[in-house]
Amino acid sequence: MTATTICAVATPPGRGGVGIIRLSGPRALALATDVVGQLPPPRQAALRTFVDQAGEAIDEGLVLAFPAPQSMTGEDVVELQGHGGPVVLDQLLQRLLSLGATLAEPGEFSQRAFINGRLDLTRAEAVADLIAAGSEAAAKAAMRSLRGEFAQRIESLSEALTTLRVHLESSLDFTDEPLEGLALARLTEQMAELMSRLDATRAAAAQGQQLQEGLTVVIAGRPNAGKSSLLNALTGQDAAIVTELAGTTRDILDRHLHIDGLPLRVLDTAGLREGGDVIEQEGVRRAQAAMAKADRIILVSEEGNDDPELAQRLPDAVPITYVHNKIDLTGRAAGVDGEHVAVSALTGEGLPALRAHLRGQLAVVSDEPLFTARRRHLHALDAAATALAQAHAAGVAGEGEELIAESLREAQQALGEITGAISTEDLLGRIFSTFCIGK
């Protein structure tokens with residue numbers, strides 16, 4: 001446990017019916033006693049008067065005490081639940097600081113919960129995901145992560161890897177003979193089964209990540225194609241400057257919106273063309289960099305404007321939605337035809353169809369994904385899958401057991417980064433307990 005006692009307002013800023021200040025640390029109970037007098041029994045609410053240094057009343061409200069380790073942080077925790085006025089909360093906060101508490105950093109309560117073993121990283125992150133959830137489905141998925149469903153999947157995969165490593169590394173360290181053919185074949189078969197389980201978890205995590213973070217969509221096209229007008233129409237704001245002059249947008253404009261409660265990040269970029277001044281050329285470079293990292297590109301053009309040269313500027317691996325803009329001038333009917341959507345950013349015609357199309361691109365097959373996930377989780381799962389595939393290939397090829405063992409170690413290391421549980425001591429403990437080594 002840490003030596004400092006932290007405090008912070010736990011309710012949103014502004015005026016409200018209730019305002020909560022939370023303390024956590026070794027002096028939490030003592031500091032709260034100085035403010036409210038006698039504390040109630042653990043986990044029981046009691047009405048108390050909150051007083052300043054001179055004994056004058058600051059506020060009146062409920063007090064809850066959670067002695068360690070049965071608290072959210074694993075430390076002594078106290079909650080002071082008073083009225084939600086900013087002045088009152090600030091007075092109470094200053095009183096605690098004067099007694100020796102330290103103002104908490106963002107996320108520090110959850111960080112302490114992780115350090116003290118009350119939460120793994122996925123559950124700690126799920127707290128923020130639950131608060132930021134933009135839909136009922138996102139909230140339910142975040143709650144599943146908070147209850148440990150994502151962590152349980154990762155721990156199950158890591159446990160299976162541990163079993164493989166125990167068997168393999170014990171053979172390496174404690175026998176002079178390599179694995180026999182049948183034993184190696186069985187190990188390879190088990191790795192293949194684990195690869196299938198890992199792939200299923202990767203698919204579920206990708207679904208949860210898109211539900212939580214949404215798609216990143218880049219609006220691209222030639223100058224004056226109506227990209228900025230489309231951004232304004234989608235967001236319902238005058239986010240981008242719109243003129244008849246080519247090259248108005250020089251930098252990337254980043255806006256967030258929700259479609260049916262699901263998040264969408266939309267980037268408006270500089271028009272793609274040769275030439276222009278130094279600033280516009282830099283804008284084009286940034287546009288191409290943004291497209292390479294996007295989940296989808298909205299390529300804006302007018303009716304019938306096939307542009308092979310422009311197509312060569314687009315990244316190969318990023319899917320494209322072709323938006324035919326200015327149908328108020330071209331006469332094309334609004335609607336969706338596969339990956340082609342006809343709209344008028346000026347009149348709004350066809351925009352509901354475009355929104356529905358983008359909503360369909362969110363890879364959320366189920367209304368309630370299994371759990372939320374983040375991009376770092378996907379990267380770690382990809383790294384684990386790559387390492388496990390290398391171990392499997394080495395086993396099939398009959399290559400050295402040391403190579404297989406190293407790849408399995410890398411796979412488990414990657415999984416450990418997701419939950420924060422990375423320890424070689426766990427593996428050693430399993431080897432000695434399972435095989436009774438040291439007798």
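As a basis for the values below, the full set of heavy atoms in this structure was taken, side chains included, without hydrogen atoms, waters or symmetry mates. Along the sequence shown, the residues carry numbers beginning at 1. Being a predicted model, the structure only gives us computed values, none of them experimental.
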Notebook entry, point to check: With V63, which of Q44, Q81, R48 fulfils side-chain contact (heavy atoms from CB on, under 4.5 Å)?
Noted result: R48

List the atom pairs, donor and acceptor, that lie under 3.5 Å between side-chain atoms in residues 12-28 and the rest of the protein, sequence neighbours left out.
unit_1, atom_1, unit_2, atom_2, d
R22, NE, E79, OE2, 3.2
R22, NH2, E79, OE2, 2.9
S24, OG, T73, OG1, 2.8
S24, OG, E75, OE1, 2.6
R27, NH1, L99, O, 3.2

Notebook entry, point to check: Would a 4.5 Å heavy-atom cut-off, applied to side chains only, mark V36 and V78 as touching?
Noted result: no

Next item on the list: Tell me, yes or no, whether the heavy-atom count around R147 atom CZ, taken from other residues, nucleotides or ligands under 6.0 Å, exceeds 12.
Entry: no

Check: Hey, are T321 and H357 close enough side-chain-wise for a donor-acceptor pair under 3.5 Å?
Finding: yes

Next item on the list: I would like to know whether D295 and R375 meet salt bridge (Lys or Arg N to Asp or Glu O under 4.0 Å); could you show each step before the answer?
Entry: CA-CA 12 Å; D295 295 308; R375 289 187 185 272; 3.3 Å; yes

Notebook entry, point to check: Can you tell if the side chain of F50 reaches within under 4.5 Å of the side chain of L80, non-hydrogen atoms only?
Noted result: yes

Notebook entry, point to check: Under the side-chain hydrogen bond (donor to acceptor under 3.5 Å, both in side chains) rule, what pairs show up with a residue in residues 336-350, not counting sequence neighbours?
Noted result: R296-E339, H324-H340, D328-S344, S344-T347

Next item on the list: Return yes if a side-chain donor-acceptor contact under 3.5 Å exists between S145 and T372, otherwise no.
Entry: yes

Check: Is it the case that T162 and Q412 place a side-chain donor and acceptor less than 3.5 Å from each other?
Finding: yes

Next item on the list: Just grab all the side-chain hydrogen bond (donor to acceptor under 3.5 Å, both in side chains) pairs involving residues 88-109, residues at least two apart or on different chains.
Entry: E108-R112

Next item on the list: Show the numbers, then the answer: is there a salt bridge (Lys or Arg N to Asp or Glu O under 4.0 Å) between E125 and R376?
Entry: CA-CA 11 Å; E125 289 165 320; R376 79 166 190 90; 2.7 Å; yes

Margin query: Just so I know, are the side chains of L121 and I418 near enough to count as touching, which here means a heavy-atom distance under 4.5 Å?
Written below: no

Next item on the list: Find out whether F150 and R144 are in side-chain contact, i.e. whether some heavy atom of one side chain is under 4.5 Å from a heavy atom of the other.
Entry: no

